[in-house]
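Quick caveat, the model's predicted, so the values are computed rather than measured.
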Amino acid sequence: PVIDGLDNDKKVHFVVHSMGSGILRYYLKNNNMDNLGKVVFISPPSHGSQLADIPLLKDLEWLLGPVISQVKTDEGSLVNSLGEPDYRCFILIGDRSVNSLFSLIISEEDDGVVPLSSARLENCNFSIIEGTDHSSILKDERTFEKIKNYFNE
């Protein structure tokens, strides 16, 4: 309702973090936005995370919510059903894991939650904010600078 109530004469830009990218990708896949501007996905589980594949987490959905099954790595998960964006977008992700157990489960370079390879989308520019993790990227000045530069292009 908020998006639908916006002035169509002005561009609408989005900056979203983590599962917010899945929600926005779902919305944009199912709704036409003639006034869509630029989109920034920060730490997006674009193709899921192996953390969501852990069988034990299915038993914790009552606590964690249904989002867990929506970010699994299998083809049937929500994030893997969304396809490639057909709009301008930019992905920012960190490369530091603060939880060694999570990194053992993910078993490739990650931001502590999302594997870098899983964050990528073919139609999006991609940049790593070195030394940041899934959450600290939100407070890093380099993140803000990259977003500002992207919006000013």
Side-chain angles (χ1 to χ4, degrees), residues 1-53 64-99 102-103 105-153:
V2 171
I3 293 172
D4 293 338
L6 295 174
D7 184 350
N8 282 334
D9 294 335
K10 295 181 181 175
K11 289 282 184 198
V12 177
H13 307 285
F14 291 93
V15 177
V16 294
H17 177 250
S18 197
M19 189 53 189
S21 65
I23 294 167
L24 181 61
R25 285 176 59 212
Y26 178 84
Y27 178 84
L28 294 174
K29 179 179 179 174
N30 293 291
N31 296 276
N32 183 33
M33 264 190 86
D34 292 332
N35 59 338
L36 179 63
K38 295 179 180 178
V39 174
V40 177
F41 298 126
I42 302 173
S43 305
S46 303
H47 300 285
S49 173
Q50 291 91 338
L51 294 178
D53 295 340
L64 302 172
V67 72
I68 294 303
S69 62
Q70 295 169 351
V71 293
K72 288 185 174 189
T73 59
D74 65 73
E75 288 184 26
S77 71
L78 173 72
V79 292
N80 280 309
S81 71
L82 297 173
E84 289 292 323
D86 60 357
Y87 44 85
R88 246 183 118 178
C89 51
F90 185 34
I91 292 173
L92 296 170
I93 190 165
D95 65 352
R96 183 178 67 132
S97 181
V98 292
N99 186 317
F102 287 0
S103 286
I105 293 166
I106 295 174
S107 75
E108 61 180 279
E109 192 171 15
D110 63 85
D111 73 349
V113 176
V114 176
L116 273 60
S117 64
S118 176
R120 290 184 185 271
L121 290 164
E122 287 181 30
N123 299 335
C124 296
N125 292 335
F126 185 87
S127 185
I128 296 171
I129 307 295
E130 293 180 0
T132 63
D133 62 43
H134 193 76
S135 297
S136 69
I137 192 171
L138 298 172
K139 299 173 188 164
D140 194 288
E141 195 60 40
R142 295 170 296 169
T143 303
F144 301 118
E145 191 66 27
K146 291 232 182 215
I147 293 169
K148 183 177 89 175
N149 290 340
Y150 174 62
F151 283 146
N152 288 330
E153 288 177 354

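In terms of modelled atom types and a separation under 3.5 Å, the side chain of D111 and the main chain of D95 share no donor-acceptor contact. One N or O on the side chain of S118 and one on the backbone of G48 form a donor-acceptor pair closer than 3.5 Å. Proximity of a side-chain donor or acceptor of K146 to a complementary backbone N or O of S127 within less than 3.5 Å is not detected. Listed for the N80 side chain is a donor-acceptor partner under 3.5 Å among the backbone atoms of D74. The backbone N or O of K10 lies less than 3.5 Å from a partner atom in the side chain of N35, making a donor-acceptor pair. Put simply, the side chain of S97 never gets that close to the backbone of D110: no donor and acceptor are under 3.5 Å apart. A donor-acceptor pair under 3.5 Å is formed between the side chain of R25 and the backbone N or O of G83.
Results of the side-chain contact (heavy atoms from CB on, under 4.5 Å) test with F41 over V15, L24, L92, I93 single out L24 as the only residue that passes.
Taking a 6.0 Å sphere around CD of E130, one finds it holds 12 or fewer heavy atoms contributed by other residues, nucleotides or ligands. The number of heavy atoms from other shown groups lying within 6.0 Å of OH (Y26) does not exceed 12. For E108, the CD atom is densely surrounded, since the number of other residues' heavy atoms within 6.0 Å is greater than 12.
For R142, the salt bridge (Lys or Arg N to Asp or Glu O under 4.0 Å) criterion is met by D140, not counting sequence neighbours. S18 is linked by a side chain to side chain donor-acceptor pair (under 3.5 Å) to H134, counting only residues two or more places apart in sequence or in another chain.
Closest approach of L82 to L78, counting heavy atoms only: CG-O, 3.3 Å.
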